[in-house]
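Counting convention: from 1, in listed order, for ligands and their atoms alike.
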Amino acid sequence: MTLNIRAGARTDVGRRRSGNEDAYLADETQHLYAVADGMGGHQGGEVASSMALQTVQSKVTDGTSLDSAVVQANEAVLIEANDNPELVGMGCTLTAVTFPDQRTARFAHVGDSRAYLLRDGELTQITEDHSVVGELVRGGRLTPEQAEIHPHRSMLTRAVGIEEPLHVDSYDVDMLDGDRIMLCSDGLTTMVPNDAIKRTLRKQHDPERAAVALVDMANKAGGIDNITVIVLDVGNPGDRSVNLAASAAEPGDGEPTGHWEPGDGPAAQTETGETSETDKQGEQVPARDDHIPSPLKEARQRSGRRRVTRIAMYAIPAFAVIGLGFAALGWYARSTYFVGIENGQVVLSQGVPDGFLGWDPTVELRSDLNASELTQAQRSDLRDGHRFGDRASAAQFLKRLERSATERAAAELATTTTTTTTLPVAPPPAALPPVPAPQPA
Ligand code: MN
């Protein structure tokens, strides 16, 4: 018997964003399904989520285990960010499932997208959120209700593409006929309460319609974030005998069978019965290169934004080269980098602080990190510019500054929302009764 899975998937830009940094993968050949939610300025979020899914798909297709494929996706995104200054800081969540045999669903997970299991009408969250509030909830310091409305609820503690090594949570769940799995980005779960999600998953027997209905609900609730939902029906529930290929996205275009959509993606959907109230139908999809801040990430970061945006390319001074010695000095002045503060903002510049023989430094990266978010020591370190011999070192230094500011924000959050003073350490993924059991890494 072949594994019988029917899939429905939908990603939607939502109502507030101009671009969709979510993406999904629905590869019916590999029985591999995944959701990724990107972050990062410029095109970073879209690049990270697409690249992570592409990497996972190709590695799994090559026979790599799902966990290792996610680790390799992390490497791929990190390398890409290192090679492209405007992509520094990009990353994504990634929640994936595959079916290594007829009975087992294997999940791999990083970030705050989620996997759920609907069994016998009950909805169980399989994954744990790798977010600051998720850890506070697990530590008993916040209630789930408090977490839902917490202003920092999207600040992540783990993501693909941010650092190495990456720890990937892994779960194996024994499947029963009639089980339904749902993968989604936080654009669904921050807008729609769990009870409403459960009712819809119970009611909508067609997986495609269920995915569409959930996206509609998130949009009706405000649609403040991109929304992505995959619904998978597993096993052989008798009358649910629709061919997987009919409901999975876009088969038969000669591409690898997987499919991700960096943009708003209703095009591949054939079921529209549930979308009559969807305002998005027929709306103009904004151009992908619109550069509008992505709010998912806003919450991911303390002050709402921590994007890195390249604002200026350096230009070789046209006037300057008089003699070889002078040229060499100019080369020196242009080949060094420093991180400093300009107008209260932390910036990465090329050149020498205060200029050198007519070469003024050029701002290359303007982070969203404010000087006020630094420690006293960091501020004085940057006052006259912290210098580096190459750009990559300077960019890494800037990244560390951003990370330390985020960590301080998290620690502060822990102390202000609780009576104790330490940020709880994330517990290892615990078995979720009744089904999931952690798989040894
Ligand atoms: Mn999101």
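Taking a cutoff of 4.0 Å between a charged side-chain nitrogen and a carboxylate oxygen, Asp179 and Arg119 qualify as a salt bridge.
At a cut-off of 2.8 Å, Glu21 does not coordinate the Mn ion (ligand 1) through any N, O or S atom. The Mn ion (ligand 1) has no N, O or S atom of Asp112 closer than 2.8 Å. Residue Asp225 counts as close to the Mn ion (ligand 1), with an N, O or S atom under 2.8 Å.
The Mn ion (ligand 1) is closest to atom OD1 of Asp186 (considering only N, O or S atoms). Looking at Asp37 and the Mn ion (ligand 1) together, the shortest N, O or S contact belongs to OD2.
Crowding of Arg202 atom CZ: a count of heavy atoms from other residues, nucleotides or ligands under 6.0 Å exceeding 12. Other residues, nucleotides and ligands contribute over 12 non-hydrogen atoms within 6.0 Å of the CD atom of Glu164. The 12-atom threshold is exceeded at CG of Asp101, counting heavy atoms of other residues, nucleotides or ligands nearer than 6.0 Å.
Gln396 meets the side chain to side chain contact (heavy atoms under 4.5 Å, CB included) test with Arg400; sequence neighbours excluded.
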